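Down below is the structure, laid out as structure tokens.
Counting starts at 1 for both ligands and their atoms, following the listed order. Everything numeric in this text was worked out from a predicted model, so none of it was measured.
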Amino acid sequence: MTEHVPPIPKQPPAGEADVIVVGAGPAGATTAFYLAQSGLDVLLLEKSRFPREKVCGDGLTPRAVKTLVNMGISVSEQDGWVRNKGLRVIGAGKRLELPWPELASYPGYGLVRTRHDLDETLARRAQQTGARLLEGVTVTGPVLDERTGRITGVVAKAADGGEDRNYRARVVVAADGNSSRLSVAMGLRKRDDRPLGVAVRTYYKTPRHDDDYLESWLDLWDGDRLLPGYGWIFGMGDGTSNVGLGLLNTSAAFGHTDYHALLRKWLEGMPAEWGYTEENRTQPIRGAALPMGFNRTPHYHQGLLLVGDAGGMVNPINGEGIAYAMESGEILARTIVQALARSRRTETERVLAGYPHALSQAYGGYYALGRTFVKLIGKPTLMSFATKHSMGRPALMRFALKLLANLTDPRGDASDRLVNGLSRLAPNPE
Ligand SMILES: Cc1cc2nc3c(=O)[nH]c(=O)nc-3n(C[C@H](O)[C@H](O)[C@H](O)COP(=O)(O)OP(=O)(O)OC[C@H]3O[C@@H](n4cnc5c(N)ncnc54)[C@H](O)[C@@H]3O)c2cc1C
């Protein structure tokens, strides 16, 4: 009698996959998670090794909380997440606490978590779901079809040396962050007609570490110039605060500001007992760009799909990027799953080509509104007038919170309908 030998399951060759995702930040990890959940074979290539630092404010609004919950990630305090109730705004000599709005679409709380922890949590979630995460692998360029110029894979270098290696897939996702070398190599550069921010941050030991509100300071002065941007103080719950500031490129000061000096000067004006002094600083001051309002397009080009910061998806009004990186990851994954399930190449192509439109449907109107907003606050007199006249009006500021954090219900109250209506009316070229 011959012994029955079970068939060996067919494994894809190690260097091939249905989809390659380059970069395992929030955008890449979320894209990979949803692709793997739908049964696709995903290679997630990340140049660093987790856990690792990322320059960030570490603040998560209810939008971001929703994306985490959708992925089945526990966001309890026992698991190390620090909750907040809303935003405290300080400006024009006034201080206003604005709770997160009560909505059906979003939870009523935000979170704070270091990127050291957050990004590893997301990447491991993608891995648990079946994505093949390779850490310490830097993508150095695209592999192209010589005839069509279409991307068919990537060339990568491992951190521990060795030969360059090619990886191949049916589609490739650029989730490699603001500088997105892969997009640039495919001819996709940043758009100068879209807003850009720059932000710096560091950490201080402080008694204010367990603040249950995110705090935002609207008055940032460079001498007698009011700057378009804001400073933040987010309690990390571990004895430190994340303190930083961000500026927009819509003022004359952009590019001519010493951000480190500006941060120190702003903190010099704080009460001494808060402890925001050089002796209490626990990390270097580090900064990076905030690519906003779709500042790199098209989001689909020759087999390459852009997601998160690579596609310039930071909210131009408040500088929030994590929620948009994760949400766009889900939109993208759902598009790819449908595209790769089509039997003919032309059909696959038609579905992939719909991705920019899906993004535009989700954010186009709001980002267009944001582009008008950043132009207006680039004018110091207007910004100072707006701060002075809105800070004394809590109802107006509650509306402003919904607008700046993009938190509304589709059929909510009058203020939700006003924000939704404004987003719909804003001219929205893709
Ligand atoms: C100072 C500052 C403060 C901020 N504060 C906040 C905040 O409080 N809340 C908020 O929501 N947003 C904030 N943001 C924005 C937020 O950090 C980004 O929007 C978010 O990180 C975007 O996620 P991403 O996955 O698209 O890109 P990233 O987080 O940049 O991830 C890209 C990943 O790709 C990897 N990678 C890059 N190149 C390669 C390559 N060639 N090969 C392989 N891997 C590669 C990188 O190592 C990285 O892991 C802040 C930004 C700055 C600069």
Side-chain angles (χ1 to χ4, degrees), residues 20-32 43-65 67-68 84 110-115 118-120 122-123 126 133-142 154-159 167 172-185 196-202 214 216 229-234 236 242-247 259 263 285-292 296 306-315 318-329 332 405-406:
I20 290 173
V21 179
V22 179
T30 308
T31 310
L43 256 179
L44 177 57
L45 307 179
E46 168 56 48
K47 70 176 178 189
S48 57
R49 288 184 189 281
F50 294 107
R52 58 114 176 84
E53 273 295 328
K54 155 82 178 82
V55 179
C56 190
D58 307 326
L60 300 166
T61 68
R63 260 196 113 86
V65 178
T67 60
L68 290 163
N84 55 68
L111 296 167
V112 170
R113 193 78 198 247
T114 61
R115 294 294 295 272
L118 174 75
D119 288 23
E120 172 156 43
L122 292 172
L133 170 66
L134 301 186
E135 300 174 58
V137 172
T138 301
V139 169
T140 54
V154 295
V155 186
K157 198 183 249 342
Y167 296 91
V172 178
V173 173
D176 49 349
N178 164 59
S179 48
S180 190
R181 300 245 153 76
L182 189 58
S183 305
V184 174
L196 187 77
V198 167
V200 294
R201 71 94 173 95
T202 185
L214 298 179
S216 158
Y230 68 87
W232 70 79
I233 300 177
F234 297 165
M236 301 302 299
N242 179 318
V243 181
L245 56 85
L247 288 187
Y259 295 90
L263 181 68
I285 301 172
R286 290 179 62 206
L290 296 162
M292 297 171 157
R296 187 180 275 113
L306 276 51
V307 69
D309 275 15
M313 297 196 204
V314 172
N315 177 337
N318 69 354
E320 175 185 16
I322 297 167
Y324 298 91
M326 295 177 68
E327 288 177 5
S328 57
L332 174 56
N406 195 9

Which of the atoms of ligand 1 are close to [X], meaning less than 4.0 Å from one of its heavy atoms?
X    : result
G308 : 26 (O)
L290 : 14 (N), 15 (C), 50 (C), 51 (C), 52 (C)
G177 : 27 (O), 30 (O), 32 (C)
V137 : 42 (N), 43 (C)
G25  : 25 (O), 31 (O), 33 (C), 49 (O)
V314 : 19 (O)

Using a 4.0 Å heavy-atom threshold (strictly under), name the region of [X] that reaches ligand 1: side chain, backbone, both or neither.
X    : answer
M313 : neither
V55  : both
Y324 : neither
A64  : neither
L182 : neither
R52  : side chain
A325 : side chain

Are [X] and [Y] close enough that some pair of their side-chain heavy atoms sits under 4.5 Å apart?
X    : Y    : answer
N406 : E320 : no
M292 : N315 : no
V112 : N242 : no
V173 : V22  : no
D119 : R52  : yes
L306 : R296 : yes

Any nitrogen or oxygen of [X], side chain or backbone, less than 3.5 Å from one on ligand 1?
X    : result
G321 : yes
V200 : no
K47  : yes
E46  : yes
V307 : no
G28  : no
A27  : yes
N178 : no
R115 : yes

Nearest protein heavy atom with distance in Å, relative to atom 13 (C) of ligand 1: C56 SG, 3.6 Å
Closest protein heavy atom to atom 41 (N) of ligand 1, given as residue, atom name and distance to 0.1 Å: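 Minimum-distance protein heavy atom for atom 41 (N) of ligand 1 reads V139 O, 3.0 Å.
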Inter-residue atom distance [X].[atom1] - [Y].[atom2], 0.5 Å rounding:
X    : Y    : atom1 : atom2 : value
E46  : T138 : CD    : OG1   : 8.0 Å
L245 : I285 : CG    : CD1   : 9.0 Å
T31  : L332 : OG1   : CG    : 5.0 Å

Any R181 heavy atom less than 4.0 Å to ligand 1: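 R181 does not count as a contact of ligand 1 under the 4.0 Å cut-off.
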R201/E53 salt bridge by N-O under 4.0 Å criterion: yes
Residues K47, E135: salt bridge by 4.0 Å N-O rule: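 No.
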